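Working notes, structure below.
Predicted model only: the values in this text are computed from it and were never measured. Naming: A, B, ... by sequence-line order, numbering from 1 per chain.
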2 protein chains.
Amino acid sequence: MHSGPVASRSADPKDSRESKNGGGPQLDAVSLAIIEQLQEDGRRPYAAIGKAVGLSEAAVRQRVQKLLDQGVMQIVAVTDPLTVGFRRQAMVGVNVEGDVESVADALTAMDECEYVVMTAGSFDLMVEIVCEDDDHLLEVINRRIRAVPGVRSTESFVYLKLKKQTYMWGTR
Amino acid sequence: MHSGPVASRSADPKDSRESKNGGGPQLDAVSLAIIEQLQEDGRRPYAAIGKAVGLSEAAVRQRVQKLLDQGVMQIVAVTDPLTVGFRRQAMVGVNVEGDVESVADALTAMDECEYVVMTAGSFDLMVEIVCEDDDHLLEVINRRIRAVPGVRSTESFVYLKLKKQTYMWGTR
DNA sequence: GCCCTGTCGTGCGGATTTCGCAGGAGTGGG
DNA sequence: CCCACTCCTGCGAAATCCGCACGACAGGGC
């Protein structure tokens, strides 16, 4: 009475690239199910998760720990920044001349950049900025981001109201 | 030997608007500190949090529960969608004629829209889309979003690579 | 074939944490 | 002054977390 099709484990021991981004280590169905459980409630007990996915409590615990260590997933509290005292946010589209990735790395290093993604389209990069007030936002966009070598131009979209924010990937 | 400046509690009993968005219920310093703890590790024990913020275990537990109930914060697992099998993502800028908020509500109702925000700038709305493949993405953008009444035009930015994704608001 | 190695799951205590409840302190209104 | 309300504390019972040892299974080298 174990589980059914458990642990096909396509993982290749030699091929353990934990690059945190890019292709990814290819999760099996059980790990996916565990992640779904934790997306519904990040504090759900391991035993309850085990019951839901057909694994023992200890096995779930080890898998979760590994997913955490590998950086595949993180369990965190998320909030509406406006509620927590960050009054100005913006999405910034960036156009780059030269190496896009090096610019992306420079932006990634900034604390105020909460989200950095390389895109196809009329922007090369999209960056989400979280600031305390207008002065702070102005400084980040006009002084810091535009000062990065390779940045040709930027366009800003100041947030007026956050309507939706979910983390239910895979739960559909 | 309690704590020092605890519980100034600016909360006004009459003024308990828990609108989930917008102004917000004005968190005090202690709740902020609790959130910071849980942003570092969503599974941190209440007792450890209590020690860090100068409160008893039970008090922390009650505060966390309230923050959860009010929708100020949620504790969840977050992942890189690419790792979890969602191979196509895009940010979509939307221009609206008429009531922006009703369009935003319509987009919010779509499962594939993971993030919806009203903005100032050359777009009225920015929407993040998470899809399984190109067909799926195409359908969501060209059929569903553009079919919403009031949508004048859209511009898409397909994700090539996610460079940064953090949840450390308030931890700075 | 055989052994060695590494990965993964299970079972089992003991320490820790969570949870529910009752009580006390502080505040504001009638 | 009393009442209603909110928030914090303390405590005991139940549930959970955590480390550890063992067995099962697959792959590589000899």
Problem set entry | B:Leu38 CG - C:dT18 P separation (whole Å) | 10 Å
For this session: Quick one, give me the B/S/- string for nucleotides 13-20 of chain D, reading 5' to 3', where B means a protein heavy atom under 4.0 Å from the base and S means that only happens at the primed atoms, P, OP1 or OP2.
Result: ---SBBB-
For this session: Determine yes or no for a side-chain-to-main-chain donor-acceptor pair under 3.5 angstrom, with A:Ser31 supplying the side chain and A:Asp28 the backbone.
Result: no
For this session: Measure from CD1 on A:Ile49 to P on C:dT10 and round the result to the nearest Å.
Result: 14 Å
Problem set entry | A:Val117 with A:Leu125, same ILVMFWY side-chain cluster at under 4.5 Å | no
Exercise. Does A:Lys66 place a side-chain N or O at less than 4.0 Å from the phosphate oxygens OP1/OP2 of C:dT7?
Worked result: no
Exercise. Which distance, rounded to the nearest 0.5 Å, do you find between the CD1 of B:Ile145 and the SG of B:Cys113?
Worked result: 5.0 Å
For this session: To the nearest Å, give me how far apart CG (A:Leu55) and P (C:dT7) are.
Result: 18 Å
Exercise. Do the side chains of B:Ile75 and A:Ile75 get nearer than 4.5 Å, heavy atoms only?
Worked result: yes
Seminar exercise, completed: Of all heavy-atom pairs linking A:Val130 and A:Glu114, the shortest is CG2-CB, 3.9 Å
For this session: Examine A:Arg43 relative to B:Tyr46 and say whether NZ or CZ is less than 6.0 Å from the centre of the six-membered ring and inside a 45° cone about the ring axis.
Result: yes
Exercise. What integer distance in Å separates B:Gln65:CD from C:dT18:P?
Worked result: 12 Å
Exercise. Mind checking whether A:Phe157 and A:Phe123 have parallel, tilted or perpendicular rings, split at 30° and 60°?
Worked result: perpendicular
For this session: To the nearest 10°, let me know how far the axis at one end of the helix from C:dG1-D:dC30 to C:dG30-D:dC1 is tilted from the axis at the other, five pairs an end.
Result: 30°
Exercise. In whole Å, what is the span from the NZ atom of A:Lys51 to the C1' atom of C:dG9?
Worked result: 17 Å
For this session: Compute whether any side-chain donor of one residue and acceptor of the other, for B:Asp41 and B:Gln37, lie under 3.5 angstrom apart.
Result: no
Exercise. Where the side chain of B:Arg63 is defined as all heavy atoms beyond and including C-beta, which of C:dG9, D:dC7, D:dC8 is the nearest nucleotide?
Worked result: D:dC8
